[in-house]
Amino acid sequence: MTLKGARERRVRTGGVDLCVAELGDPGQPTVMLVHGYPDSKEVWSEVAARLAERFHVVLYDVRGHGRSTAPRPLRGGFTLAKLTDDFLAVADAVSPDRPVHLVGHDWGSVQSWEFVTVGRTEGRIASFTSMSGPSLDHFGHWIGARVKRPTPGRVGQLLGQGARSWYVYLLHTPALPELAWRGPLGRRWPRILQRSEKVPAGDYPTSSLPSDAAHGAWLYRDNVRARLRRPRPDAYAHAPVQLITPLDDAFLSERLYDDLEQWVPRLTRRTLPARHWIPRTRPDQVSAWIEEFVTSVEGGRPAPVADGRHGDRFGGQLVLVTGAGSGIGRATAFAFAEAGARVVAVDRDAEAAARTAELSRLIGAADAWAETADVSDEHAMEKLAERVHRDHGVLDVLVNNAGIGLSGSFFTTTTEDWRRVLDVNLWGVIHGCRLFGARMAERGQGGHIVNIASAAAYQPSRALPAYSTSKAAVLMLSECLRAELAGQDIGVTAICPGIVNTNITATARFTGVDEAEESRRRQRSARLYGLRNYPPEKVAKAVLDAVAHNRAVVPVTPEARGAHLMSRLLPGVLRRVARVEPRL
Ligand code: NAD
């Protein structure tokens, strides 16, 4: 199989013939993609196509894989020293005058760690992006440190990684892996990848898989035991490194990278909720991070360091917030922006949305866009979803925040009032979940939906029948959807704030009173909210924490937490409080 639009050449080195593919403009910085086990360069096809718009992209089949030839004999033919020779030969052929930006996945990353930490490649590597493949030297030291000082926590880490490495032991057995890969395992592998790793079906893996996997067993046999026993003491990276860690990797524990700063002076950390094969499952996110990293290194700017409390988790993620022009929505957009996300700020007020997007960019968003839409308008929401998916891709996080206030007894609330509040507060959330959630589920790589409900969802009140009903519905919708989407790794959270100092009082409707009285009540409640003075930024922080920890229902503000507890333990008390007529 050849990569679409790629130019191919052969590079001869150390008795093997490497198949090298190039895409994009050779005048641009070179990004070199190194594949893992049991793969060939085609594992990168989706990432390469995206990067080729900006860079000179180079991929090669590692010796013994794809259409590169295998060393003879196999034993001793796959040492890290020989793999480094191959890398240098390819780099010299495709980019003789400029250092390359190296990107490795799985064993491609393991060997790239060698390239970026040995002296003879110095000056040939501009940066390195590592995914799911540690340095064997760092791994050896990591084990050594835990064996030397075995606290219970550290022993747990050792056992945890030991259990995830089951396949490494198997690969060390003679002949068995070769038989399995050339037999039943090779036939079943594509289905296994689809089922357990959620890798989409298509033109990957390629037909060379059985021989790639059989030859690649020597990557392990030639290197792992020797290096883990005697790790190099000076395995320091001589180029900036970006580490992308998928949080649900079945083969590698996140803890492996705990001590990495001691080996890498310039380290950027990224995490994403995904499994091992991110070049196949998250090519959008992976290429966005590579592009950002390479561009900053090329521009002589410090490599992006994940900022904010959740920088490593949300950096580069695509987040859409409705009602982002004011209050909780704006603060939430800013919090994601600070963490380096790509933010889509949606509001029915075009100017307010534009301002949020502009400020988001200033405070650290990887990018930000404004969109105007009324969340209660199904047609407008469909158009919005079309635009967002076409221009930016599938969302990682959706925050259905837009909402309006409505206060007044049941009998003074007209059907028009009911319609309006349900249209915005409930239907707005339903449209968002349907239109954006469906694509998240279809992508099969998880995500998160946050619905801003309210403490009113579980705290009855004679003054807020319509508003509370809308929010109770949002709470239950969130719980049901959470159950339905759990199997697809999509978390759903209902955030339930109490009284938060925003503009909501200025636009809230008060029923059963004339205009003058309505305006007086708005002012009074605005004063009360001002006196309570709970900042929307704290709600935003709760939103990010809830996504990071996949929380189901999150009351925010002390009174919301108190009422939540009472609704469970002493509902009778809440019912009594509900009878009290508020004086506004
Ligand atoms: P806010 O009025 O400051 O902000 C709401 C934003 O949503 C505004 O920019 C507004 O233009 C936008 N919006 C309103 N209707 C819209 C629609 N149909 N389509 C698109 N955008 C629309 O209010 P806030 O306090 O930040 O409220 C945000 C959410 O938090 C709401 O769902 C609200 O019910 C909920 N909430 C607020 C409080 C509070 O005390 N402020 C408490 C609990 C829950």
Side-chain angles (χ1 to χ4, degrees), residues 320-335 344-357 359 370-381 383-384 399-407 419-432 435 450-459 461 464 466-475 477-478 493-509 522 525-540 542-543 553-561 563-564:
L320 182 143
V321 183
T322 67
S326 165
I328 294 170
R330 177 170 273 180
T332 302
F334 288 169
V344 185
V346 180
D347 206 286
R348 64 178 170 191
D349 177 342
E351 229 172 86
R355 183 102 186 105
T356 300
L359 290 170
E371 288 283 353
T372 314
D374 179 340
V375 296
S376 66
D377 178 343
E378 183 176 6
H379 185 63
M381 288 296 278
K383 291 263 163 246
L384 171 74
V399 184
N400 287 308
N401 160 78
I404 51 173
L406 177 71
S407 172
R419 252 186 220 118
R420 188 70 202 131
V421 81
L422 290 177
D423 275 354
V424 178
N425 291 9
L426 177 59
W427 276 102
V429 175
I430 295 173
H431 295 323
L435 295 162
V450 178
N451 296 325
I452 308 294
S454 164
Y458 48 75
Q459 181 175 11
S461 150
L464 300 167
Y467 181 78
S468 305
T469 302
S470 73
K471 292 299 185 180
V474 168
L475 176 60
L477 167 63
S478 308
T493 298
I495 300 280
C496 301
I499 293 175
V500 183
N501 193 11
T502 68
N503 273 335
I504 199 165
T505 44
T507 51
R509 164 130 174 73
R522 278 191 187 130
S525 54
R527 258 202 310 282
L528 282 175
Y529 274 54
L531 278 175
R532 171 72 185 85
N533 203 18
Y534 193 90
E537 290 73 23
K538 284 199 182 174
V539 185
V543 170
V553 178
V554 181
V556 191
T557 73
E559 66 274 13
R561 279 198 293 277
H564 193 235

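Ligands are counted one by one from 1 in listed order, and the atoms in each one are counted from 1 as well.
Taking both residues in full, the closest heavy atoms of Leu406 and Ala466 are given as CD2-CB, 3.5 Å, listed atom of the first, atom of the second, then distance. When all heavy atoms are compared, the tightest approach of Glu371 to Ala353 is O-CB, 3.9 Å.
Annotation for Arg355: atom CZ does not count as buried by contact number, only 12 or fewer foreign heavy atoms lying within 6.0 Å.
The protein residues lying under 4.0 angstrom from ligand 1, judged by non-hydrogen atoms, are Gly323, Gly325, Ser326, Gly327, Ile328, Asp347, Arg348, Ala373, Asp374, Val375, Asn401, Ala402, Gly403, Ile404, Val424, Ile452, Ala453, Ser454, Tyr467, Lys471, Pro497, Gly498, Ile499, Val500, Thr502, Asn503, Ile504, Tyr529.
When side chains are defined from C-beta on, Arg509 does not count as touching Ile404, because their heavy atoms never get closer than 4.5 Å.
Here the OG1 atom belonging to Thr469 is positioned 7.5 Å from the CG atom belonging to Leu422, to the nearest 0.5 angstrom.
Thr372 places no side-chain N or O within donor-acceptor distance of the main-chain N or O of Arg348, the cut-off being under 3.5 Å.
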